[in-house]
There are 2 protein chains.
Amino acid sequence: MTEIHPEDPVARIRRFNRAVTREVGVLDASFLGRGRPLGAARVLNAIGRGRGEVAAIRDYLGLDSGLMSRLLRGLEAEGLVETAADEGDARRRVARLTPAGEAEFAAYEALSDSQAAAILAAHPKPAALLAAMDLVASALGRGDVTLEEADPRTPAARGCLEAYYAELARRFADGFEVSLSRDPEATDMIRPRGLFLVAISDGLPVGCAGLKGHDDLVEGARWGEVKRLWVSPSARGLGLAGRMMARIEVAAQELGMARLRLDTNSALPEAVAMYRNAGWTEIDRFNDDPYPDFFFEKLL
Amino acid sequence: MTEIHPEDPVARIRRFNRAVTREVGVLDASFLGRGRPLGAARVLNAIGRGRGEVAAIRDYLGLDSGLMSRLLRGLEAEGLVETAADEGDARRRVARLTPAGEAEFAAYEALSDSQAAAILAAHPKPAALLAAMDLVASALGRGDVTLEEADPRTPAARGCLEAYYAELARRFADGFEVSLSRDPEATDMIRPRGLFLVAISDGLPVGCAGLKGHDDLVEGARWGEVKRLWVSPSARGLGLAGRMMARIEVAAQELGMARLRLDTNSALPEAVAMYRNAGWTEIDRFNDDPYPDFFFEKLL
DNA sequence: GCAATTGTCTGACTAAAGTCAGGCAAAAAT
DNA sequence: ATTTTTGCCTGACTTTAGTCAGACAATTGC
């Protein structure tokens with residue numbers, strides 16, 4: 001067996017790849033063990049996971065249209081799937097699970113869950129394992145983070161906000177308590193008044209940013225405030241903050257805002273540096289929130 | 001797309017699996033792109049990686065003996081591999097790469113290396129990524145850690161020892177300097193005087209332990225000292241320390257020792273706790289090393 | 001209204017992977 | 001010395017995955 005010197009990072013990655021390659025067979029053994037070939041199982045799972053349009057499945061799984069058609073036919077013959085023409089465009093077909101298909105999908109899900117739970121239960125430090133998996137997954141799936149508008153009261157948004165508050169509490173010398181801060185009303189961060197973005201990487205929320213609309217005018221024009229900009233540690237360095245800010249700037253213009261402002265704190269030096277680099281100028285305090293000590297503005 | 005609540009660890013693992021499943025195809029694309037089917041490429045790589053016996057390859061890759069035979073024959077026809085009967089048991093066959101096979105194997109290795117390097121280069125925090133990959137790989141490949149006897153001067157052993165010294169320097173309030181400590185002679189930790197173990201997980205050294213033989217007798221019998229017991233952070237909690245200690249105890253008996261001793265430090269509470277739980281009893285100081293403040297003994 | 005395009009399906013392939021039943025020689029057991 | 005077992009090989013399969021050319025209907029562009 002070749003030996004890997006600890007100082008050789010390339011070799012370490014390759015070791016990781018080998019471990020994962022071998023293990024993924026086991027991890028995805030849920031796809032096997034139910035007497036169905038991998039291809040059919042993958043299609044069944046894609047449908048169960050909410051992908052209905054045949055074209056979307058084909059694209060997601062990277063299948064040829066002929067093969068796709070045949071796999072679908074096989075699942076139909078088994079009575080697990082029904083297809084119907086898309087209303088609106090009868091060339092497209094939409095697949096749906098039958099009750100038997102739902103049951104089969106649930107069986108795959110249960111298998112997969114129990115395997116994941118077994119790995120977790122066997123590990124002495126599940127939290128560290130999860131954090132490491134998140135980081136690796138984010139690094140591997142780097143391009144796949146999507147930004148979605150969401151109500152800040154949805155679970156995904158709340159999860160991000162709570163992680164954000166927890167991080168502030170950790171990093172501010174005197175802690176952080178939301179109720180003492182100027183916490184924006186959710187409705188101020190929903191169109192048409194504002195906006196709330198959640199960054200999603202393969203289903204997991206990994207960041208958020210809010211745009212709060214204000215009613216008063218500054219120099220005769222509407223303005224907005226950037227709030228709750230946060231990126232999960234597992235997804236830092238991928239340029240997510242920049243992407244979210246860009247989306248917010250575009251949206252702010254759509255909403256008729258001429259000016260953006262934000263406040264932040266010197267205990268978050270990477271944030272301060274980012275604002276400076278992104279064309280924000282430091283201004284005087286514009287609110288009475290007790291926590292911030294840096295104030296920025298950007299004209300659109 | 002299903003949303004994953006951050007508090008649901010099972011869902012997070014499954015997300016990781018998906019990310020990895022999809023990516024592993026890419027990671028192992030080195031196996032493709034050279035005009036050879038996956039099966040043949042895997043066999044070629046297994047041989048290049050030092051697995052010679054046909055049975056061992058078959059076992060490692062999980063192949064049927066008929067299929068294995070055919071793949072081997074294909075590689076022979078390409079002039080990449082030669083097989084010969086095992087000396088000693090002419091039923092077994094041993095495969096070896098020809099020079100052309102070596103070149104082909106090297107090409108796979110280079111492809112794989114450059115892909116790994118590209119991932120690394122694209123990541124903002126390579127060290128964190130590597131640590132996370134190590135941890136995940138150790139968790140997934142948990143059963144696969146092998147203990148090997150090694151000369152403490154080999155690179156794998158030196159890597160572990162340096163990591164061990166660095167950790168002591170970090171954890172002792174006043175640092176740690178090997179030259180001030182009672183550093184055993186390498187020959188005292190080699191049979192027949194002693195023993196040095198390195199724990200290897202898929203090629204990466206993840207732990208070590210030494211048994212130093214002493215010449216003086218205690219109560220009329222030979223004794224040994226356990227030194228340099230260390231487990232990499234990425235592999236902690238897998239019970240490796242216990243496995244290494246068990247191996248050392250067996251070896252100590254083989255070497256005619258009736259008693260084991262060791263010293264440690266209260267700055268390493270998990271080590272102290274482990275010794276207590278493993279049947280060691282605290283004794284008085286038995287050496288003049290400046291660093292330890294706890295001394296243990298175990299009768300065999 | 002007609003041609004071009006799009007989305008799916010079918011038939012006719014190929015390549016790869018895997019299974020199974022023996023065959024044969026070497027080694028081990030009796 | 002014989003039987004049995006072991007390790008590998010071969011031939012004759014099957015299944016899965018994947019490709020390609022064309023058929024066909026619905027839709028879009030002009």
Side-chain angles (χ1 to χ4, degrees), chain A residues 21-22 24-25 28-47 51-78 80-96 108, chain B residues 21-22 24-26 28-47 51-78 80-96:
Chain A
T21 318
R22 216 177 321 159
V24 156
D28 259 338
S30 65
F31 278 5
L32 310 158
R34 288 195 65 79
R36 209 183 318 284
L38 183 63
R42 294 213 302 161
V43 171
L44 184 69
N45 275 277
I47 298 171
R51 246 170 262 261
E53 294 133 45
V54 172
I57 303 170
R58 214 168 49 206
D59 184 57
Y60 177 67
L61 299 178
L63 297 175
D64 172 86
S65 84
L67 179 53
M68 174 77 230
S69 178
R70 247 176 284 273
L71 290 173
L72 218 42
R73 197 98 335 94
L75 291 171
E76 273 181 329
E78 281 192 89
L80 303 176
V81 161
E82 285 171 343
T83 61
D86 183 306
E87 52 230 56
D89 183 344
R91 289 170 307 179
R92 292 166 192 255
R93 313 223 83 204
V94 181
R96 233 191 45 234
Y108 278 110
Chain B
T21 319
R22 219 178 317 160
V24 155
V26 177
D28 258 335
S30 67
F31 277 6
L32 309 159
R34 288 194 65 78
R36 208 182 318 285
L38 182 64
R42 294 213 302 162
V43 171
L44 184 68
N45 276 277
I47 299 172
R51 246 169 262 263
E53 294 132 45
V54 171
I57 303 171
R58 216 170 45 207
D59 184 56
Y60 177 66
L61 299 179
L63 298 174
D64 171 88
S65 87
L67 180 52
M68 173 79 229
S69 179
R70 246 175 284 275
L71 291 172
L72 217 42
R73 203 90 330 100
L75 292 171
E76 272 182 328
E78 280 192 89
L80 303 177
V81 160
E82 286 171 344
T83 61
D86 184 306
E87 53 231 53
D89 184 344
R91 287 170 308 181
R92 292 165 192 256
R93 312 223 83 205
V94 181
R96 233 190 45 232

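We name chains A, B, ... by the order of the sequence lines, and we start the count at 1 in each one.
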Using a 3.5 Å cut-off and no angle test, enumerate the donor-acceptor pairs between side-chain atoms of residues 66-75 of chain B and protein atoms at least two apart in sequence or in another chain.
unit_1: B/S69; atom_1: OG; unit_2: B/R73; atom_2: NH1; d: 2.9
unit_1: B/R73; atom_1: NE; unit_2: B/E76; atom_2: OE1; d: 3.3
unit_1: B/R73; atom_1: NH1; unit_2: B/S69; atom_2: O; d: 3.2

Holding to side-chain contact (heavy atoms from CB on, under 4.5 Å), I want the full list of residues that pass it with A/A56, two or more places apart in sequence or in another chain. A/R51, A/E53
For residues 89-96 of chain A, which side-chain N or O atoms pair as donor and acceptor with protein atoms under 3.5 Å away, sequence neighbours left out?
unit_1: A/D89; atom_1: OD1; unit_2: A/R91; atom_2: N; d: 3.0
unit_1: A/D89; atom_1: OD1; unit_2: A/R91; atom_2: NE; d: 3.2
unit_1: A/D89; atom_1: OD2; unit_2: A/R91; atom_2: NH2; d: 3.0
unit_1: A/D89; atom_1: OD2; unit_2: A/R92; atom_2: NE; d: 3.4
unit_1: A/R93; atom_1: NH1; unit_2: A/T83; atom_2: OG1; d: 3.2
unit_1: A/R96; atom_1: NH2; unit_2: A/E82; atom_2: OE1; d: 2.9

Atom-pair distance (CD on A/E53; P on C/dG7), nearest Å: 11 Å
For residues 56-65 of chain A, the salt bridge (charged side-chain N to carboxylate O under 4.0 Å, His left out) pairs (sequence neighbours left out) are none
Spacing of A/L72 atom CG relative to C/dT8 atom C1', expressed in whole Å: 10 Å
What residues from residues 81-94 of chain B pass a heavy-atom cutoff of under 4.0 Å to DNA chain D? B/R91, B/R92, B/R93
Is there a side-chain contact between A/L44 and A/E78 (heavy atoms, below 4.5 Å)? no
Taking only nitrogen or oxygen atoms into account, show me every contact under 3.5 Å that the protein makes with nucleotides 15-19 of chain D, one pair per line with its distance.
unit_1: D/dA17; atom_1: OP1; unit_2: A/L38; atom_2: N; d: 3.4
unit_1: D/dA17; atom_1: OP1; unit_2: A/G39; atom_2: N; d: 2.9
unit_1: D/dT19; atom_1: O4; unit_2: A/R70; atom_2: NH2; d: 3.4

Go through it in stages, so that I can follow the logic: the residues are B/V43 and B/L63, the test is side chain to side chain contact (heavy atoms under 4.5 Å, CB included), and I'd like the CA-CA distance, side-chain angles, deciding distance and then a yes or no. CA-CA 10 Å; B/V43 171; B/L63 298 174; 4.2 Å; yes
